[in-house]
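Below you'll find the structure, written out as structure tokens, and then a few comments.
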2 protein chains.
Amino acid sequence: MAKVIVYEEPSLEEAKKIVKNALSRKKNIYILANCSVDYFGRSSSHLEFGERLIIIKSDGALLIHRPVGHSPVNWQPETSYIDVSYDSEEEVLVMKALRTRPREVVAIKLDNIFLIVEAELYDSGAFYMHISEKEIRDILATNPEILGEKLTTIDVEKKVEPGFIDLYLKDKKGNVVVVEIKRLTARVDAVRQLKKYINSLKSHMRTEKIRGIIVAPSITKKAQELLLKEKLEFKQINIEALSKYVGKTEKRSLFDYLK
Amino acid sequence: MAKVIVYEEPSLEEAKKIVKNALSRKKNIYILANCSVDYFGRSSSHLEFGERLIIIKSDGALLIHRPVGHSPVNWQPETSYIDVSYDSEEEVLVMKALRTRPREVVAIKLDNIFLIVEAELYDSGAFYMHISEKEIRDILATNPEILGEKLTTIDVEKKVEPGFIDLYLKDKKGNVVVVEIKRLTARVDAVRQLKKYINSLKSHMRTEKIRGIIVAPSITKKAQELLLKEKLEFKQINIEALSKYVGKTEKRSLFDYLK
DNA sequence: CGTGCCAGGTGCCTT
DNA sequence: AAGGCACTTGGCACG
């Protein structure tokens, strides 16, 4: 059961103690404060003072969220070190989140703190995501008949010069079949990708006929046109129907990786 | 100055009133609760019960953050509508965040609420990001001599069949110069991109010599090799040095776009 | 570690 | 709506 401690309107000196203490005990910290943010690393940015939510997670992840917009305005994943100090000159609390690889710093200056929440959260719930392109690929590799004809899987993620062929099969006539899978609507770039793979294969093995199939739940008109022009094929798949195969290949909990 | 109201351990029925009221007045809402999350839309996912932070912003953005990891486990940008109801069957508070384009739903079931914070935050601080690829491109377009020779800018973002050429110049001998800019280390894909553009140009204008230059602060070994093989060039730029040109083209605050 | 590629990518612009 | 592409993209797998 979660332990939550709320500090309303602490002074900057109090806040420094609270945050340092919470950090040392690996708590989650949520701060509502007027602050400015500077970032320097792969890029650099400056955010003028304003009222925001600062999140520091138990693994050191740092996020600064403005009152609007779903993405954080500044952030730092897996901070190796968070330094908290009081700058008596500017009269601000300075929190610096450092990361070593890549070398980046997020520095927050807080001049007015409305709320600090220190929380110990218990969260071991598994997260299941259905269904990735990889899963579709694995299902089709083991069950190529889903594509509506007798096919034999030769290779998965076959390396060719321009990249990787999702599925490399042979049909019952012995033709090579190259499959490009899209989990969502296939667009022209998917068709171009498929064409590139086929061209690459053709340059190495001239004689045989090579078929190319786009496998996706739907396809855009432009992609359809290019498909026709290039004499390639489209096979519609039903993601819902494929879902029942999930687990027969493998189903994993992402949380295992989050430790 | 921010208005912050804290509700500690409200009942589910109380929470329903608090959240509905806060939503109607477009407040920022932060909830610490034991909850499960289901997402259905472009993909679908299920997150088992656990203790998390739920953020609802004044523009309807919704985020669910676990105690670790810098990215939200589930989210909904610009929710068109958030429905809050009490399910007496399961004894949970249900919050459904709907989005119409694309059609997606995030449904949160809360069975134990530790804290609700309602906040009205004032944040009009401008956000400045330095320095984007676009800025580098604009600086080089107006000051092509930075590349170390006499060049004339003919076009910016010139459309060719495979995409857009960052900079299209001519050198003092009248040769066409195609420039591909990378803000960070240039990789092989950058060289391939450049080669594609040149090939496309060559197919339209056979006679002239076309030079290709990768412009970046650094380049990977593999990219360097391909560059040599393709007889293309690399021009190193110093991002720090370019920074002083920022503002001479244009400097904009991202906040203008956030409304 | 670099290279390649998917992601509920997001965000921005242009057609 | 769709294409094209940058992004502090993040994330995983593989050599």
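So that the names make sense, note that chain A is the first sequence line, chain B the second, and so on, each numbered from 1.
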What is the separation between atom [atom1] on [X] and atom [atom2] on [N], rounded to the nearest whole Å?
X: B:Lys134; N: D:dT9; atom1: NZ; atom2: C1'; value: 18 Å
X: B:His70; N: C:dT10; atom1: NE2; atom2: P; value: 13 Å
X: A:Trp75; N: C:dT10; atom1: CH2; atom2: P; value: 14 Å

If every non-hydrogen atom of B:Leu151 is compared with every non-hydrogen atom of B:Pro144, which pair is closest and at what distance?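 Closest heavy-atom pair between B:Leu151 and B:Pro144: O-CG, 3.4 Å.
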Can you give me the closest heavy-atom contact between B:Gly212 and B:Leu194, atom names plus distance?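 Closest heavy-atom pair between B:Gly212 and B:Leu194: C-CD2, 3.7 Å.
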Contact class for A:Glu104 (heavy atom, under 4.0 Å): base, sugar-phosphate, or nothing?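 Base, at least one base atom sits under 4.0 Å.
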Hey, does the side chain of [X] come within less than 4.0 Å of [N]'s phosphate (OP1/OP2), counting only N and O?
X: A:Arg183; N: C:dC5; answer: no
X: B:Thr185; N: C:dG2; answer: no
X: A:Thr220; N: D:dG3; answer: yes
X: A:Lys221; N: D:dA1; answer: no

According to the side-chain hydrogen bond (donor to acceptor under 3.5 Å, both in side chains) rule, which pairs have a member within residues 49-64 of chain B, sequence neighbours left out?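 Output for this query lists A:His65-B:Lys57, A:Asp123-B:Arg52.
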Taking for each residue the nucleotide of DNA chain C bearing the nearest heavy atom, is the 5' side occupied by B:Arg99 or by A:Glu157?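 Final value for this comparison: A:Glu157.
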Under a 3.5 Å distance rule, please check whether B:Glu133 uses its side chain to pair with a backbone N or O of B:Asp166 as donor and acceptor.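 It does not hold such a pair.
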Has A:Ser132 got a side-chain atom pairing as donor or acceptor with A:Glu135's backbone, closer than 3.5 angstrom?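 Checking the backbone N and O of A:Glu135 against the side chain of A:Ser132, a donor-acceptor pair under 3.5 Å is found.
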Checking A:Ser218 now: which residues fulfil side chain to side chain contact (heavy atoms under 4.5 Å, CB included) with it, not counting sequence neighbours?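 Partners of A:Ser218 under the side chain to side chain contact (heavy atoms under 4.5 Å, CB included) test: A:Thr185.
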Is there a residue in residues 188-197 of chain B whose heavy atoms reach under 4.0 Å of DNA chain D, and which residues are they?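 Heavy-atom cutoff 4.0 Å gives B:Gln193, B:Tyr197.
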What are the residues of residues 222-239 of chain B, sorted by number, that bring a heavy atom to within less than 4.0 Å of DNA chain C?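 Heavy-atom contacts with DNA chain C come from B:Lys222.
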Using a 4.0 Å cut-off on heavy atoms, which residues in residues 34-58 of chain A reach DNA chain C? List them by number, or say none.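 Correct list: empty, so none.
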Show me the side-chain donor-acceptor pairs of residues 221-236 of chain B shorter than 3.5 Å, one per line, residues at least two apart or across chains.
| from | atom 1 | to | atom 2 | distance (Å) |
| --- | --- | --- | --- | --- |
| B:Glu233 | OE1 | B:Arg211 | NH2 | 2.8 |
| B:Glu233 | OE2 | B:Arg211 | NE | 2.9 |
| B:Gln236 | NE2 | B:Pro217 | O | 2.7 |

